[in-house]
Amino acid sequence: MSSAENAQPPGVEVVVAEDGSIPAETLAKYGFRPGSHLRLVSEPTSEQPRKRKSIMGILEGKIDVEAFEEGMAWGKQDRINQVMREDETQ
C-alpha cells in the first residue's frame with residue numbers, strides 16, 4: 001500500500017454560526033448532502049486551556065508563599081496538639 005493510499009482526505013474548513021449550526025449551503029458546496037456523516041474536530045484556541053502535564057508552578061506569583069507556609073505550619077502544629085490531647089485522655 002503506497003503512502004498516497006494511506007493519505008487522509010483533505011479537510012474542509014467551515015465556520016459554525018452563532019446559533020451553533022453550519023449552514024446547509026456551506027456543506028453542499030463541499031459535496032455533503034442531507035444524511036451525510038461528518039466527523040468534527042475542535043482546534044484549540046486561546047480560549048481553551050491547554051492540558052497541563054504538571055501542576056508545578058501553577059500558583060507561582062498568585063499566592064503569598066510565606067503566608068501559605070506559615071498557615072501550613074500552624075495547621076501542622078494544631079494537628080500535633082490535637083493528637084497529644086487525644087493521647088492524654090486515653
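All heavy atoms count here, side chains included; hydrogens, waters and symmetry mates do not. Predicted model only: the values in this text are computed from it and were never measured.
Looking at E86 and Q82, their side chains come closer than 4.5 Å, going by heavy atoms from C-beta outward. E69 places none of its side-chain heavy atoms less than 4.5 Å from the side chain of M72.
Of the options L38, V15, V16, a side chain to side chain contact (heavy atoms under 4.5 Å, CB included) to I22 is made by V16 and by none of the others.
Interatomic distance, NZ of K76 versus CD1 of I80, reported as 5.5 Å (0.5 Å rounding).
V65 and I58 are not part of a single hydrophobic cluster, where members link through side-chain heavy atoms under 4.5 Å apart.
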